[in-house]
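Working notes, structure below.
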Amino acid sequence: MSRKSTIIIKEKKIGLSERSNLLAPDTILDQVKQRISELQNLLIQKKTALKAAPEGTLRIAQSGNRIQYYHKTSENNPQGKYLPRNQDALAAALAQKDYDQRLVKEIEDEISALEKLTKNYNPSKIVEIFEDMHINRQHLINPSNVSDDAFEKAWSTYTYEGLPIDDNTPVFYTQKGEKVRSQAHQLIANTLNQLEIPYRYEYPLMINGSKGFSKGFLVHPTFYCLNVRTRKEFIWEHFNHMEDSFQAREKIGRISQYQSNGYFQGEKLIITFETDETPLDEKQVTLLAKRYLK
């Protein structure tokens, strides 16, 4: 069995909509590193603020309905000096100082704990179990985790039957040599290819009907894309001729159907539009692709 055929078989196993046997992509380490960076920046800010904080501490007392502030600067005077209302700013600065001192201690403890985690945490070891096995043994295994490269290759090499393009339809060729229906489709495909984002053109997808109808039907979104990092799939629909009210109503209905199936704009759905007078903008396509698919 060739390596290529094995990958296609694996795609059928890890498949189109069900990948329950696969662990979700690990993002903990990236989140921890981001958290450490944010904490370190905050720690610098708070230590700087503490250097400029007023001397002493704040004591708060309540007499009836009145709250009173006292400034403590010496252990010989545990009650502190009474602060009249015109010195509320000093009371606020002393309260902030107390908060910042406690916060610094907790930040330092959290950074220490997270740094220990990053030293001991190695999620790649789970992937390496499968990667280190002989290829003849890999053929027999349905893995619980695979590398991004293996997953992308399996996803990209999956064969499917898209919509046919008849002889009367103008044809545009992508950088990968695919036939597409419009210059806008060509632009999106080439942008995705340049950004190394896997996609399937007019991929058949079964969705449920709207308005309470459970019977499913087949749609062919313009592009079906994969965010390799998150393993999340997106529909990318491009709608043209939006100046035509009939076509606009039809496409708004399609968006509603997608939403009924859990495909919401910015989550699992990307939508672009154009009219005859306002063609698709290349910068917009690049921004959307980087925002949701990288």
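Using a 4.5 Å heavy-atom cutoff, the side chains of T118 and L29 are in contact. Looking at Q87 and H71, their side chains never come closer than 4.5 Å, going by heavy atoms from C-beta outward. Residues V228 and F151 form no side-chain contact, since every pair of their non-hydrogen atoms from C-beta on lies 4.5 Å or further apart. Side-chain atoms of L226 and Y199, non-hydrogen and from C-beta on, never get closer than 4.5 Å to each other. Proximity of T57 to D98: side-chain heavy atoms (C-beta onward) are nowhere separated by under 4.5 Å. Contact of the L114 side chain with the L39 side chain is registered, since non-hydrogen atoms from C-beta on lie closer than 4.5 Å. In this structure, Q34 and D30 have side chains that are not in contact, with every pair of non-hydrogen atoms separated by 4.5 Å or more.
When hydrophobic clusters are built by joining Ile, Leu, Val, Met, Phe, Trp and Tyr residues whose side-chain heavy atoms come closer than 4.5 Å, directly or via intermediates, L50 is not grouped with L90. Transitive grouping of hydrophobic side chains (ILVMFWY, heavy atoms separated by less than 4.5 Å) keeps V146 and V127 in distinct clusters.
Using a 4.0 Å cut-off between a side-chain N of Lys or Arg and a carboxylate O of Asp or Glu, K251 and E237 do not qualify as a salt bridge. Between K47 and E108 there is a salt bridge, with a side-chain nitrogen of the basic residue lying less than 4.0 Å from a carboxylate oxygen of the acidic one. Between K97 and D100 there is no salt bridge, since no side-chain nitrogen of the basic residue lies less than 4.0 Å from a carboxylate oxygen of the acidic one.
Distance alone, capped at 3.5 Å, is enough to place a donor-acceptor pair between the Q265 side chain and the I271 backbone. Proximity of a side-chain donor or acceptor of S147 to a complementary backbone N or O of A150 within less than 3.5 Å is detected. A donor-acceptor pair is defined here as one N or O able to donate and one able to accept, closer than 3.5 Å; no such pair exists between the side chain of E233 and the backbone of Y224. Side-chain atoms of K72 never come within 3.5 Å of backbone atoms of R59 as a donor-acceptor pair (strictly under, hydrogens ignored). Using a distance-only test at 3.5 Å, with no hydrogens or angles considered, no donor-acceptor pair links the side chain of K268 to the main chain of Y258. With T48 contributing its side chain and I44 its backbone, the two residues share a donor-acceptor pair below 3.5 Å. Between the side chain of N120 and the main chain of K116, a donor-acceptor pair closer than 3.5 Å is present. Without hydrogens or angle criteria, N261 side chain to Q257 main chain gives a donor-acceptor distance under 3.5 Å. A donor-acceptor pair under 3.5 Å is absent between the side-chain atoms of K46 and the main chain of Y99, judged by distance alone.
Annotation for T169 and I165: closest pair CB-CG2, 3.8 Å, computed over non-hydrogen atoms. When all heavy atoms of R66 and Y82 are compared, the pair lying nearest together is NH2-OH, 3.7 Å. Of all the heavy atoms in Y121 and I28, the pair that sits closest is OH-CD1, 3.6 Å. Across R231 and D148, no two heavy atoms sit closer than the pair NH2-OD1, 3.0 Å. Taking all atoms of both residues into account, the shortest heavy-atom contact from G56 to L94 is O-CD2, 3.5 Å. The shortest heavy-atom contact between E131 and Q138 is O-NE2, 3.5 Å.
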Donor-acceptor contacts under 3.5 Å from residues 183-191 side chains, at least two apart:
unit_1: H185; atom_1: ND1; unit_2: Y201; atom_2: OH; d: 2.8
unit_1: Q186; atom_1: NE2; unit_2: Y173; atom_2: O; d: 2.7
unit_1: N190; atom_1: OD1; unit_2: Q175; atom_2: N; d: 2.8
unit_1: N190; atom_1: ND2; unit_2: Q186; atom_2: O; d: 3.4
unit_1: T191; atom_1: OG1; unit_2: L187; atom_2: O; d: 2.8

Which side-chain N or O atoms in residues 284-294 pair as donor and acceptor under 3.5 Å with protein atoms at least two apart or in another chain?
unit_1: T286; atom_1: OG1; unit_2: E282; atom_2: O; d: 3.1
unit_1: K294; atom_1: NZ; unit_2: L195; atom_2: O; d: 2.8

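Between the CG atom of L269 and the CD1 atom of I255 there is a distance of 7.0 Å, given to the nearest 0.5 Å. Summarising the geometry, atom CG belonging to L163 is positioned 4.0 Å from atom NE2 belonging to H220; distances are rounded to the nearest 0.5 Å. Annotation: the span from I36 atom CD1 to S112 atom OG amounts to 10.0 Å, rounded to 0.5 Å. Between atom CD of residue Q96 and atom CG of residue L103 there is a gap of 9.0 Å, rounded to the nearest 0.5 Å. With values rounded to the nearest 0.5 angstrom, E110 atom CD is found 10.0 Å from L42 atom CG. For the atom pair OH of Y70 and CG of L58, the computed distance is 11.0 Å after rounding to the nearest 0.5 Å.
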Stepwise, does the side chain to side chain contact (heavy atoms under 4.5 Å, CB included) test hold for E115 with I111?
CA-CA 6 Å; E115 286 179 339; I111 290 175; 3.7 Å; yes

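Evaluation of the salt bridge (charged side-chain N to carboxylate O under 4.0 Å, His left out) rule for K105 yields D109 as partners, not counting sequence neighbours.
Put simply, the residue from I235, L218, V219 that forms a side chain to side chain contact (heavy atoms under 4.5 Å, CB included) with I207 is V219. Checking each of F234, Y203, W236 against F223 for a side chain to side chain contact (heavy atoms under 4.5 Å, CB included) leaves exactly one that passes, namely W236.
S74 and N77 are not linked by any side-chain donor-acceptor pair at a separation below 3.5 angstrom, with hydrogens and angles left out of the test. Residues Q31 and T27 bring a donor and an acceptor atom of their side chains to less than 3.5 Å of each other.
When the shell of 6.0 Å around CD of E196 is examined, it contains 12 or fewer heavy atoms from other residues, nucleotides or ligands.
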